[in-house]
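Reminder, nothing fancy here: chain letters follow the sequence lines and each chain counts from 1. Every heavy atom of this structure was used, including side-chain atoms; hydrogens, water molecules and symmetry mates were not.
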2 protein chains.
Amino acid sequence: MGTLTVGEVARESGVSGSAVRFYERQGLITAARTGGNQRRFDPDAACRIRVARVAQRVGLTVNDIRDLLAVLPPNPEPADWQGLHDRLTAEAERRIRELHAALDDIGSGRRLCDL
Amino acid sequence: MGTLTVGEVARESGVSGSAVRFYERQGLITAARTGGNQRRFDPDAACRIRVARVAQRVGLTVNDIRDLLAVLPPNPEPADWQGLHDRLTAEAERRIRELHAALDDIGSGRRLCDL
DNA sequence: CTAGGACTTGAACTAATGGTGAAGTCAATG
DNA sequence: CATTGACTTCACCATTAGTTCAAGTCCTAG
């Protein structure tokens, strides 16, 4: 099944080789092994990593992303992408709401701190 | 000038005593010293800490917050609060824009990863 | 004037986060 | 079959934001 090496996935996904191995350790991607114990990835590994990078920009940790990607099977169908998209969107919007709430508190800052 | 002990500032600001000392080390607040080398804070110290906590919610690090509070003199005037408010608002809005940009990229996720 | 709670320092420690680096092993090519 | 680049593991690094500890000092109320 797996045909891509660490280096190939790294190049395709734009992260370092050590990051690819890190992501495998963390369960974001999975790999088959050759007789000589080398990793071989499915072609969707790079894709999963690209999704992971976007999720990091939303503020998710690698742990969060593991859970997120757990619901994404190999060779995902449109519905799988949709679910993932929905979860990420909800998370980003939640963070935007938190920032707005902080802004509101800042707005009342002078009153909070009248000296 | 300074009349409040570490413990009093901690109580007023809602953080621990060790955090108060930490914030002083980091330059978020300043303290006078008694003859016996104990810290004595101005009453605005607790206020500055409350501002710092809001800034943390916006995503600033303690280092960022030191720079932010550096422009806030003791006994700040309305214009000082305004400047601080503007900087925090700008930062929060920048982060909101980043999240929106990430959302846009998520929207194109299926195309990015067509397998 | 003394008891004990609050304070002092500095260093070590915690815990999460996101990797990197060194030393050694594999595999494909000339 | 040897070279050389890619691969392996495991330990370690750096940052962030504090907490904890020990050993000692201060200060204030009774």
Take the protein atom [atom1] of [X] and the nucleotide atom [atom2] of [N], then report the distance between them rounded to whole Å.
X       : N      : atom1 : atom2 : answer
B/Arg25 : D/dT20 : CZ    : C1'   : 12 Å
A/Gln26 : D/dC10 : CD    : P     : 15 Å
B/Leu28 : D/dG18 : CG    : C1'   : 13 Å
A/Ile65 : C/dA16 : CD1   : P     : 17 Å
B/Gln56 : D/dT15 : CD    : P     : 19 Å
A/Asp64 : C/dT17 : CG    : P     : 8 Å
A/Glu8  : D/dA6  : CD    : C1'   : 10 Å

So, taking the atom named CG in A/Leu103 and the one named CD in A/Glu98, what distance separates them when rounded to the nearest 0.5 Å?
12.0 Å
Below 4.0 angstrom from OP1 or OP2 of [N], is there any side-chain N or O of [X]?
X       : N      : value
A/Arg66 : C/dG18 : no
A/Arg39 : D/dC7  : no
A/Thr5  : D/dC7  : yes

Output a table of nitrogen or oxygen pairs between the protein and nucleotides 23-30 of chain D separated by less than 3.5 Å.
residue: D/dC27; atom: OP1; partner: B/Thr34; partner atom: OG1; Å: 2.8

May I ask you to decide if [Y]'s main-chain N or O and [X]'s side chain share a donor-acceptor pair within less than 3.5 Å?
X       : Y       : result
B/Arg50 : B/Ala45 : no
B/Arg40 : B/Leu4  : no
A/Arg11 : A/Val6  : no

If you look at every heavy atom in [X] and [Y], which pair is closest and at what distance?
X       : Y       : value
B/Leu88 : B/Ala55 : CD2-CB, 3.8 Å
B/Trp81 : B/Val51 : CZ3-CG2, 3.7 Å
A/Glu24 : A/Ala31 : OE2-CB, 3.5 Å

Side chain of B/Arg33 (C-beta onward), nearest among D/dT8, C/dT9, D/dG18:
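Of all the options, the side chain of B/Arg33 is nearest to C/dT9.
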Is there a donor in the side chain of A/Thr61 and an acceptor in the side chain of A/Asp64, or the other way round, less than 3.5 Å apart?
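Looking only at side-chain atoms, A/Asp64 and A/Thr61 do form a donor-acceptor pair, the distance falling under 3.5 Å.
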Hey, does B/Arg11 reach any base, or is it just sugar-phosphate, or nothing, if we go heavy atoms under 4.0 Å?
nothing
Please list, by residue number, the residues of residues 16-24 of chain A whose heavy atoms come closer than 4.0 Å to an atom of DNA chain D; answer none if no residue qualifies.
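Nucleic-acid contacts, sorted: A/Arg21.
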4.5 Å side-chain heavy-atom contact, B/Gln56 and B/Leu60:
no
